[in-house]
J.: 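Take a look at the following structure, please.
The sequence lines fix the lettering, A, B, ..., with proteins before strands; numbering per chain opens at 1.
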Amino acid sequence: MPELPEVETIRSGLDARLRGRRIVGIEIRERRLRRRIDVAELRGLVGRRVEGVSRRAKYLIVDVGEGTGWLMHLGMSGRLLLLQSGAPTGAHEHVRAEFEGRVTLCYRDPRRFGLMRVGRIEEFTELHGLGPEPLARGLAATLACRLRTTRRDVKAALLDQRLVAGIGNIYANEILFRAGVRPTRRCFRLSAAEIREIAGATGAVLRDAVRRRGTSFSDYFDSDGIPGTFQEVLAVFDRAGEPCRRCGATIKRRAHGGRSSFYCPGCQR
DNA sequence: ATATGCACCTGTGTGC
DNA sequence: TGCACACAGGTGCATA
């Protein structure tokens, strides 16, 4: 479910509410996520104080000091919700953390594709192979150099977290629409101008999506239970058969590498 | 290097 | 109303 803009929205909500608070309890109801939760590891959070909540690609890191962090990935269906202590247990609620000040953080994840662990932040191997953040400086140069050398489809490249980290299926499609490039184009055949377009579109789309607090087309909500609004301005994603807002052509959908690609045959070459 | 298929899970929507 | 099936925002592995 959540890509960079959704995770960033959740991060800012958690950071605002949890920073400085001590964790006073951890409850684990289901350990079988993508990786089994290590109960002892997670219990080690009790008594620690939150120094801040950061994000790397689609991962959240709750910094509890001394180089230690609580790493979370929401997979396809994970949600984090801030509630008052004593709130009733929701469906598929697998973990609950209790903080000072009667604040509770609930982790719900119907499909259980998420991931959660506690350890030294620099030792989180999940973060080691990740490519650069797409909203950091120098994206155009990074893409220019990394796209030129590969023969794959440009959409597959944007989804490859080792190449650039944080883009998922919604935003890959939206970025390529904005850049005017079809998802099936091969990277090494893109012109320098097209790569610049893709870099510019990446920044523009992701920044806009963060500003709009993410895309809620079915079941994404932030840590206060509020939906985002980027679904109101989606150009192609989930719009197969509908008219392009720019040129009026019919938006097409095609399966590629097991995932759906959406594009406008009029605006994208 | 890259592409494909599958596996991990549950929920939802569709067509019969 | 029930049932079968396709599909979903992600990642990782095994195989060609």
J.: In chain order, what residues pass the ring-ring contact (aromatic ring centres under 6.0 Å, His included) check against A:Y220, with sequence neighbours excluded?
T.: none

J.: With sequence neighbours left out, write down each residue that passes side-chain contact (heavy atoms from CB on, under 4.5 Å) with A:V39, or none if nothing qualifies.
T.: A:I28, A:R31, A:R43

J.: Could you verify whether a donor N or O on one side chain and an acceptor N or O on the other, from A:T9 and A:R213, lie under 3.5 Å apart?
T.: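 There is no such pair (donor and acceptor under 3.5 Å, judged by atom type) between the side chains of A:T9 and A:R213.
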
J.: Could you go step by step and tell me if A:S260 and A:R253 meet the side-chain hydrogen bond (donor to acceptor under 3.5 Å, both in side chains) rule?
T.: CA-CA 7 Å; A:S260 291; A:R253 167 189 162 162; 3.3 Å; yes

J.: Taking A:R151 for its side chain and A:R186 for its backbone only, find out whether a donor-acceptor pair lies under 3.5 Å.
T.: no

J.: Just to verify, what does A:S12 make a side-chain contact (heavy atoms from CB on, under 4.5 Å) with, not counting sequence neighbours?
T.: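 Applying side-chain contact (heavy atoms from CB on, under 4.5 Å) to A:S12 gives none.
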
J.: Which value, in whole Å, describes the distance between the C1' atoms of nucleotides B:dA3 and C:dG9?
T.: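 So the two C1' atoms sit 23 Å from each other.
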
J.: Does any residue of residues 173-187 of chain A have a heavy atom under 4.0 Å from DNA chain C, and if so, which ones, in number order?
T.: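 Hits under 4.0 Å, by residue number: none.
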
J.: When we call it a touch if two heavy atoms are under 4.0 Å apart, what does A:R79 touch: a base, just sugar-phosphate, or nothing?
T.: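 No contact at all - A:R79 keeps every heavy atom at 4.0 Å or more from the nucleic acid.
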
J.: Once each nucleotide of nucleotides 9-16 of chain C is scored for protein heavy atoms under 4.0 Å, what B/S/- sequence comes out, 5' to 3'?
T.: BBSS----

J.: Please say which of A:D63, A:V62, A:V118 ends up in a side-chain contact (heavy atoms from CB on, under 4.5 Å) with A:T68.
T.: A:V118

J.: Can you list the residues that meet the ring-ring contact (aromatic ring centres under 6.0 Å, His included) rule with A:H73, with sequence neighbours excluded?
T.: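 If we apply the ring-ring contact (aromatic ring centres under 6.0 Å, His included) test to A:H73, skipping adjacent residues, the hits are A:Y59.
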
J.: For DNA chain B, what is the dot-bracket line, given that a base pair needs Watson-Crick (N1 to N3, plus N6-O4 or O6-N4) or G-U wobble (N1-O2 and O6-N3) geometry with both distances under 3.5 Å, and | means paired with another strand?
T.: .|||||||.|||||||

J.: Applying ring-ring contact (aromatic ring centres under 6.0 Å, His included), name anything that partners A:F262, two or more places apart in sequence or on another chain.
T.: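 Per chain and number, A:F262 pairs via ring-ring contact (aromatic ring centres under 6.0 Å, His included) with A:F237.
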
J.: Can you pull the contact range of chain A along DNA chain B, 5' to 3', using atoms under 4.0 angstrom from its heavy atoms?
T.: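 Contacts span B:dT2 to B:dG11, reading 5' to 3'.
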
J.: When the P atoms of B:dG5 and C:dA6 are considered, how many whole Å apart are they?
T.: 14 Å

J.: Using a cut-off of 6.0 Å, state whether more than 12 heavy atoms not belonging to A:R254 lie near its atom CZ.
T.: no

J.: Which part of the nucleic acid, if any, lies within contact of A:R32, taking any heavy atom under 4.0 Å across all strands shown: a base, the sugar-phosphate backbone alone, or nothing?
T.: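 Counting heavy atoms under 4.0 Å across all strands, no contact is made by A:R32.
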
J.: Tell me every residue that passes side-chain contact (heavy atoms from CB on, under 4.5 Å) with A:H94, counting only those two or more places apart in sequence or in another chain.
T.: A:E30, A:L33, A:H92, A:Y107, A:D109, A:R112

J.: Tell me, please, which residues at least two apart from A:R34 pass salt bridge (Lys or Arg N to Asp or Glu O under 4.0 Å).
T.: none

J.: Clusters formed by hydrophobic residues whose side-chain heavy atoms approach within less than 4.5 Å: which one holds A:M76, and what are its other members?
T.: A:F113

J.: Which is more 5' along DNA chain B, the nucleotide nearest A:T149 or the one nearest A:G258? Just name the residue.
T.: A:T149

